[in-house]
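Residue numbers begin at 1 in each chain, while the letters A, B, ... track the order of the sequences. Remember, it's a predicted structure, so these values are computed and weren't measured experimentally.
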Protein chains: 2
Amino acid sequence: MTGIRAKQKEKTRRALINAALNQLDPQTSFFSLSLREVAREANIAPTSFYRHFQNMDELGLTLVDEGGLTLRQLLRQARQRLADGGSVIRISVEIFMDFIANNRGVFRLLLQEHSGTSKEFRLAIAREIDHFKAELADYLLNERKLPEHLARLQADAMVRIVFSIGADALDLSAAERAELAEDTILELRMIARGATALQKPKGEYNDPT
Amino acid sequence: MTGIRAKQKEKTRRALINAALNQLDPQTSFFSLSLREVAREANIAPTSFYRHFQNMDELGLTLVDEGGLTLRQLLRQARQRLADGGSVIRISVEIFMDFIANNRGVFRLLLQEHSGTSKEFRLAIAREIDHFKAELADYLLNERKLPEHLARLQADAMVRIVFSIGADALDLSAAERAELAEDTILELRMIARGATALQKPKGEYNDPT
DNA sequence: AAATTGATCTAACATCTGTTCACTGATAAA
DNA sequence: TTTATCAGTGAACAGATGTTAGATCAATTT
């Protein structure tokens, strides 16, 4: 099963995947990559590409899978670190920022191609983000005892904020990213506070905003 | 000044602008457009393009200007309708949704190319959105009497939410858009409530989120 | 040991791209 | 009326792209 041949094939497959991810930078979206560029970066002939993927779209969807995997690792790591106690929001934001810094290529794909040009792509990415959102909504439902609709909306708002800021943070220095993280934390706290406030609408007064 | 010649030139210039805007659809970002495609759609020879713009980038930046104009019209219209009274958030969201429905091309550019591939583009769009954010922060500062930092952050959060949802809403039916608008309103109310709550942190209890 | 498989290569194709050049002909200026 | 301007044209270029076809030759299977 793990013959020399299969191993070598897997190796150049990874080379292709990494070639694509490494080519993604602020000026280069996945769809501006050409098959030939990727093959060149992976040091194989353009024609060899077809031994691994039917076309660039298939490579791209593979990368999106990779992105989903990364998001799930993020959640797992967040849960672990939360067991030690501390502010949920702060810890989550810090982990998120770490992840985008250490997985730039994949997050670029997720955050940029999110409103991108290919329907299949957008749907695949939306699916991954929806998983993420659903897990967050679940947490809010169980731990924070919010009504379902409110939990869903709070999760939606939070994920939109975090991913939007994340896109901005992708190419900042560690210091700038830390600054943005503080803003993010405050914005998320607004949302959390607001959600619990909306839950008990018998507050002092009803802000007519 | 307004000779036959100048008039005709302005007309084909508009034709080029509209050709580009009309080609933007869910599957086609501005940077996937070719000069030749745009010229074809505008019914001129590819070479004639250069009589109007130095290259596609210049056309693109012109479209971004168009987008800024649209955003300013949106604000003006919102202010007018607000004079008649009503929920600020509801009115604003409804106007926004109307605008994206009626200016799909321009908003696609603003919302898609926002995290796009060209630095010049991203900066130009960020500039327009920052104007928008600044006007909103001003309003929150003056009308809602929030401290500056909080006003800035609230505006930031709101704009991120609205533009993120806006991108999703671009190609929905009117009914689906209206549904999304309701969710948007609730999410924005969370933020507004949360911001005023954070302002007076002596509330009943401090949620350790 | 012989036969087969399959990941890789080079060469070649048709097609699209941005851009240049010299030209035309109606409008504008003299 | 003569002259100059200039938006628009078609032909042609060099380069990049996706994709096909055929050959190579080491790893695998028989």
TODO: Considering just the side-chain nitrogens and oxygens of S48(A), establish if one lies under 4.0 Å of OP1 or OP2 belonging to dA7(C).
DONE: no
Open item on the list: Between T12(B) and dA7(D), is there a contact of a side-chain N or O with OP1 or OP2 at under 4.0 Å?
Closed with: no
Distance in angstrom units between [X] [atom1] and [N] [atom2], rounded:
X: F53(B); N: dA7(D); atom1: CZ; atom2: P; value: 13 Å
X: N43(A); N: dA7(C); atom1: CG; atom2: P; value: 19 Å
X: F49(A); N: dT17(D); atom1: CZ; atom2: P; value: 13 Å
X: I4(A); N: dC25(D); atom1: CD1; atom2: P; value: 18 Å
X: L16(B); N: dG8(D); atom1: CG; atom2: C1'; value: 12 Å
X: E10(B); N: dC6(D); atom1: CD; atom2: P; value: 17 Å

Below 3.5 Å between N/O atoms, which protein atoms pair up with nucleotides 17-21 of chain C? Just atom names and distances, please.
| unit_1 | atom_1 | unit_2 | atom_2 | d |
| --- | --- | --- | --- | --- |
| dT17(C) | OP1 | S34(B) | OG | 2.8 |
| dT17(C) | OP2 | R40(B) | NH2 | 3.2 |
| dG18(C) | OP1 | L35(B) | N | 2.8 |
| dG18(C) | OP2 | L35(B) | N | 3.4 |
| dG18(C) | OP2 | R36(B) | N | 3.2 |
| dG18(C) | N7 | R36(B) | NH1 | 2.4 |
| dG18(C) | O6 | R36(B) | NH1 | 3.0 |
| dT19(C) | OP2 | Y50(B) | OH | 2.7 |
| dT19(C) | O5' | Y50(B) | OH | 3.3 |
| dT19(C) | O4 | R36(B) | NH1 | 3.4 |

Open item on the list: Counting the atoms with a prime plus P, OP1 and OP2 as sugar-phosphate, which does A45(A) contact under 4.0 Å by heavy atoms, base, sugar-phosphate, or nothing?
Closed with: base
Open item on the list: Once you measure the plane-to-plane angle for F163(A) and F96(A), does it fall in the parallel (<30°), tilted (30-60°) or perpendicular (>60°) bin?
Closed with: tilted
- [ ] Say whether T62(A) and D65(A), considering side chains only, have a donor N or O and an acceptor N or O under 3.5 Å apart.
- [x] no
Open item on the list: Measuring from atom CG of L61(A) to atom CD1 of I125(A), what distance do you get when rounded to the nearest 0.5 angstrom?
Closed with: 9.0 Å
Open item on the list: One thing to verify: whether D156(B) and R152(B) come together as a salt bridge, which I'm taking to mean a side-chain N less than 4.0 angstrom from a carboxylate O.
Closed with: no
TODO: Could you pick out which residue, Q8(B) or R51(A), lies toward the 5' side of DNA chain D when each is mapped onto its nearest nucleotide?
DONE: Q8(B)
Task: Partners passing side chain to side chain contact (heavy atoms under 4.5 Å, CB included) against A181(B) (at least two apart in sequence or in another chain) - done: V93(B), M97(B)
- [ ] Examine the base of dT28(D) for any acceptor or donor lying under 3.5 Å from a partner atom in the side chain of R5(A), and report the outcome as yes or no.
- [x] no
Open item on the list: Do F53(B) and R13(B) make a side-chain contact, defined as non-hydrogen atoms from C-beta onward lying under 4.5 Å apart?
Closed with: yes
- [ ] Mark yes when over 12 heavy atoms from residues, nucleotides or ligands other than Q8(B) sit less than 6.0 Å from its CD; otherwise mark no.
- [x] yes
